[in-house]
Amino acid sequence: MKVIHARRAAVALSAAVVLPLALTACGGDSKDSASGSTASSAKAPASDSPSAGDSMGTDKPFGPACASVPKTGAGSFSGMATDPVATAASHNPALSTLVTAVKKAGLVDTLNSAQNITVFAPTNDAFAKIPKADLDKLLADKAALTKVLTYHVVGQKLTPEQLDKGSFETLEKEELTTAGSGTEYTVNDASKVVCGNVPTANATVYIVDTVLMPPAA
């Protein structure tokens, strides 16, 4: 009988020890579950950050050609932001033909002194799409060249959002149209923006892959 009582006491003692531990363990699981839920809730906004980042992407320069812009120096985005637009363009090797054309047309001072303008700047490759004989002829004709170049300039700063479906009068007095969304835009349904929303001291620049020709040109 004493043995039986001893065994029963041992079982009762074991239960008394195991039960609180089990409850603690359950409580721990519940706590972990709650904290996990809290952690999930805390992380939930992070899943929205890519889309938020996408919408904010147009606050900065965007487009495939932006990758070739130097990270530092006068030709970098921060460097160009401190110079007027014609000077800023001269620091970008991809715009050397445009800079040459602007000089031949005598528009350097005009562009540098203008305030709050938008320039659609054709790359060297854009000018290369024009047959050489035609390009040489254009570069040699100051009046015709001025007409073409001023068609690339709008007398107000345009945000990417304004390009979604826009029509704007240029300094040449003819209108150009824009379309697109996000970080993909076209001008006159043909010329693509390859690096957009580039700030300079007095202008916003959208680098394009095709030279824009005014309707009467």
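Everything quoted here is computed from the prediction, not taken from an experiment.
Closest approach of A105 and L149 over heavy atoms only: CB-CD1, 3.8 Å. Listed here is the closest heavy atom pair of S167 and E175: OG-OE1, 2.7 Å. Residues T200 and A88 share a closest heavy-atom pair of CG2-CB, 3.8 Å. Residues A201 and P84 approach most closely at CB-N, 3.8 Å, considering heavy atoms. Residue P214 comes nearest to L212 through the heavy atom pair CD-O, 3.9 Å, listed as atom of the first residue, atom of the second, then distance.
Without hydrogens or angle criteria, N202 side chain to L111 main chain gives a donor-acceptor distance under 3.5 Å. The backbone N or O of Q156 sits less than 3.5 Å from a side-chain atom of T118, completing a donor-acceptor pair. The backbone N or O of K142 sits less than 3.5 Å from a side-chain atom of T146, completing a donor-acceptor pair. With hydrogens and angles ignored, the 3.5 Å screen pairs a side-chain donor or acceptor of Y185 with a backbone N or O of P160. Judged by distance alone, with hydrogens and angles left aside, the side-chain atoms of S181 form no donor-acceptor pair with the main-chain N or O of D164 at under 3.5 Å.
Using a 4.5 Å heavy-atom cutoff, the side chains of E169 and E174 are not in contact. Using a 4.5 Å cut-off on side-chain heavy atoms (C-beta onward), F77 and C66 make contact. Within the 4.5 Å cutoff, side-chain heavy atoms of P61 are placed close to those of P199. Looking only at side-chain heavy atoms (C-beta outward), K104 and L145 come within less than 4.5 Å of each other. Between V99 and H91, the closest side-chain pair of non-hydrogen atoms is not below 4.5 Å. When side chains are defined from C-beta on, T186 does not count as touching V208, because their heavy atoms never get closer than 4.5 Å. Put simply, the side chain of F120 does not reach to within 4.5 Å of the side chain of F168, judged on heavy atoms. Side-chain contact between D209 and K129 is present, with heavy atoms from C-beta onward closer than 4.5 Å.
Within 6.0 Å of atom CG in D109, 12 or fewer heavy atoms from other residues, nucleotides or ligands are found, so the atom counts as exposed in its surroundings. Shown here is Q162, whose CD atom has more than 12 heavy atoms of other residues, nucleotides or ligands within 6.0 Å. Within 6.0 Å of atom NZ in K137, 12 or fewer heavy atoms from other residues, nucleotides or ligands are found, so the atom counts as exposed in its surroundings.
In this structure, CG on N197 lies 8.0 Å from CD on E161, to the nearest 0.5 angstrom. Rounding to the nearest 0.5 Å places CG of L138 at 12.0 Å from NZ of K147. Rounded to the nearest 0.5 angstrom, H152 NE2 and I117 CD1 are separated by 13.0 Å. Atom NZ of K132 sits about 14.5 Å away from atom CZ of F127, to the nearest 0.5 Å. Of the inter-residue distances, the one linking N92 atom CG with S76 atom OG reads 10.5 Å to the nearest 0.5 angstrom. The structure places CG of L171 at 6.5 Å from OG1 of T150, a figure rounded to the nearest 0.5 Å.
Side-chain atoms of K192 and T210 form no donor-acceptor pair, as typed in the model, at a separation below 3.5 Å. Side-chain contact of T177 with D189: a donor-acceptor pair under 3.5 Å is absent, judged by distance alone. Defined by atom type and a distance below 3.5 Å, a donor-acceptor pair is present between the side-chain atoms of N124 and T97. Judged purely by distance below 3.5 Å, without hydrogens or angles, the side chains of Y151 and N188 pair a donor atom with an acceptor atom.
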Requested in this report: Take V148 and V211 through the side-chain contact (heavy atoms from CB on, under 4.5 Å) test and state the conclusion after the steps.
Outcome: CA-CA 9 Å; V148 170; V211 176; 4.1 Å; yes

Report task. With side-chain contact (heavy atoms from CB on, under 4.5 Å) as the test, would you mind laying out the steps for V153 and T170 before giving the verdict? Result -> CA-CA 5 Å; V153 183; T170 66; 5.9 Å; no

Query - Derivation and outcome, side-chain contact (heavy atoms from CB on, under 4.5 Å), residues V198 and T204 - result: CA-CA 6 Å; V198 179; T204 298; over 6 Å; no

Requested in this report: Let me see the working for V193 and I207 under side-chain contact (heavy atoms from CB on, under 4.5 Å), right down to the final yes or no.
Outcome: CA-CA 6 Å; V193 174; I207 299 175; over 6 Å; no

Report task. List the steps and the verdict of side chain to side chain donor-acceptor pair (under 3.5 Å) for N112 and T87. Result -> CA-CA 7 Å; N112 277 348; T87 302; 3.1 Å; yes

